[in-house]
Visitor: 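Submitted below is the structure of interest, expressed as structure tokens.
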Amino acid sequence: MGSFLSFWSDLGKHKIWILCILFGLHIFFIDENNILKRIEARKEIIELKKEIEKYNKEYETSTKMLEDLTSNPEFLENIARERYFMKKPDEDIYVFED
């Protein structure tokens, strides 16, 4: 019984530290918004921002190409020749593959 009372009195001396440790454990592992979930969410946010940036660049490129296709007939002819191997009636096309 004496050892239990000495243990209990030692606990009383360190109750602030024990509460801090319990609170830290609660915050890190038990809470709904724990640190581990926050770290995972932050990684996902970073990945999504990179994806948004990628799609914005793709959108800008596509918008510029659309503007060029609608306003510049030479660009349209160039795209038709390069991508779809179209030709004028009096031309021959040679395709070289690497």
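None of these values were measured; they are calculated from a predicted model.
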Visitor: Rounded to the nearest 0.5 Å, what separates atom NZ in K64 from atom CZ in F75?
Guide: 7.0 Å

Visitor: Let me check something: any side-chain donor-acceptor pairs from residues 27-35 under 3.5 Å, sequence neighbours excluded? List them with distances.
Guide:
from, atom 1, to, atom 2, distance (Å)
N34, OD1, L36, N, 3.3
N34, OD1, K37, N, 2.8
N34, ND2, F29, O, 3.3

Visitor: How long is the straight-line distance from NZ of K15 back to CG of L22, given to the nearest 0.5 Å?
Guide: 14.0 Å

Visitor: From N78 CG over to R81 CZ, what is the distance, rounded to the nearest 0.5 angstrom?
Guide: 8.5 Å

Visitor: Take atom CD in E91; do more than 12 heavy atoms of anything else shown fall under 6.0 Å from it?
Guide: yes

Visitor: Do M65 and D68 come within less than 4.5 Å of each other through their side chains, counting heavy atoms only?
Guide: no

Visitor: Taking only residues two or more places apart in sequence or in another chain, which ones pass salt bridge (charged side-chain N to carboxylate O under 4.0 Å, His left out) with K57?
Guide: E53

Visitor: My understanding is that only residues two or more places apart in sequence, or in another chain, count here; which of them pass salt bridge (charged side-chain N to carboxylate O under 4.0 Å, His left out) with K88?
Guide: E77

Visitor: Please determine whether residues I79 and L76 belong to a single hydrophobic cluster, defined as Ile, Leu, Val, Met, Phe, Trp and Tyr linked transitively by side-chain heavy-atom distances below 4.5 Å.
Guide: yes

Visitor: So how far is it from L48 CG to Y55 OH, rounded to the nearest 0.5 Å?
Guide: 10.5 Å

Visitor: Taking the side chain as every heavy atom from C-beta outward, state whether L19 and F23 have any atom pair closer than 4.5 Å.
Guide: no

